[in-house]
Amino acid sequence: MPILPLDNVNEPLLRAFGAMTDSELRDPKQLLGLKLATNDPRVERGLLVAESANVTLRALGAGLEPYCVLIEPKWLESSRHVLDQLEAAAPGLPVFVATPEQRLALTGYQMTRGPLTAFLRPEPTDPEDLLRTARRVAVLEDVTNYTNVGAIFRSAAALGVDAVLITPRCHDPYYRRAARVSMGTVFQVPWTRIGQDSPDGNWSTTGIPLLAKHGFTTLALALSDDSVPLDHPSLSQHPKLAMILGTEGDGLSSTTIASCDYTVRIPMAHDVDSLNVAAASAVAFWELRARD
């Protein structure tokens, strides 16, 4: 494995760590310049960045293909086992060693928690493939906070959710911060987007019927006069449940709520009306988990 002192922060391979936004790392048109600069057609698939040893190893364990590594000298010794596994998966993988000052200039991150590894993005999964065998799924409607996205995935992994489906306007779980907050579980819990084919731009127009087609009872987690409590015994009797969570503040759209089989609330005390969406997801995943 070539360990390369970073002599030039404009090295094309390093654009994934600082010069490109999350959306650009998913856009083949934006990646064309990197493809030409490196003569590597693989980058058209898109790139993602994993931060820390644990997140890198989970991405590697999920079968993702490493592209290059950026690391500070202080992390080299403690990350030797990670670098060895990366080398085994991709012989000759370039590893750039940057001073803290170089890393800050390149990425803009005040601090990192270990190596930064760029991976080639995997091909997106067809939602039909996930729904055929799943019993518990979470649907994230327009959740646009990377910390919440990552925390929801961590709860999904810990509490037996089989898959996560995200709407077209939801933030990408592979974004560096989301992946780090999730402790790499975004690479373990299967996920894909749902409702991208809706002709009116509303994911639920095609997304809710798709869930129904695969036998899912849909639960809108929202405050409503006709909502039922999360621990209502009728809910756990359904063999397949789709728990639909909305963005912080606005919650679920009225269209989505009207389209679901149930509107569900978490019983509260002390006049508290709601929880943060990540906390609410953990409560719902635990209460509605498959028990057999």
Considering non-hydrogen atoms only, spot the tightest contact between [X] and [Y] and give its length.
X      : Y      : result
Val55  : Phe187 : CG1-CE1, 3.7 Å
Glu44  : Lys35  : OE2-NZ, 2.9 Å
Val139 : Trp203 : CG1-CH2, 3.8 Å

I'd like to know if the side chain of [X] and the backbone of [Y] have a donor-acceptor N/O pair within less than 3.5 Å.
X      : Y      : result
Thr218 : Asp261 : yes
Glu51  : Arg113 : yes
Ser204 : Ile208 : no

Between the side chains of Ser253 and Thr255, is a donor N or O closer than 3.5 angstrom to an acceptor N or O?
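Side-chain D/A pair, Ser253 to Thr255: absent.
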Checking Arg169 against Thr144: is there a side-chain donor and acceptor pair closer than 3.5 Å?
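The answer is no; no qualifying pair exists.
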For side-chain contact (heavy atoms from CB on, under 4.5 Å), just list the numbers for Asp129 and Thr192, CA-CA rounded to whole Å, side-chain angles, deciding distance to a tenth of an Å, and then say yes or no.
CA-CA 10 Å; Asp129 292 337; Thr192 194; over 6 Å; no
Contact check, side chains of [X] and [Y], non-hydrogen atoms, under 4.5 Å:
X      : Y      : answer
Leu25  : Tyr174 : no
Val164 : Ile152 : no
Leu57  : Val82  : yes
Glu72  : Gln102 : no

Just verifying a value: how many Å separate [X] [atom1] and [Y] [atom2], rounded to the nearest 0.5 Å?
X     : Y      : atom1 : atom2 : result
Leu14 : Leu106 : CG    : CG    : 5.5 Å
Leu60 : Thr117 : CG    : OG1   : 8.5 Å
Asn54 : Thr185 : CG    : OG1   : 11.5 Å

With a sphere of 6.0 Å drawn around CG of Asn39, does it hold more than 12 non-hydrogen atoms of other residues, nucleotides or ligands?
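It does not: Asn39 CG has 12 such atoms or fewer within range.
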Taking CZ in Arg42 as the centre, count heavy atoms belonging to other residues, nucleotides or ligands within less than 6.0 Å. Is the count above 12?
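Yes, CZ of Arg42 has more than 12 neighbouring heavy atoms, counting only those of other groups under 6.0 Å.
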Under 4.0 Å between a Lys/Arg side-chain N and an Asp/Glu carboxylate O for Arg135 and Asp162?
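So Arg135 does not pair with Asp162 through a salt bridge.
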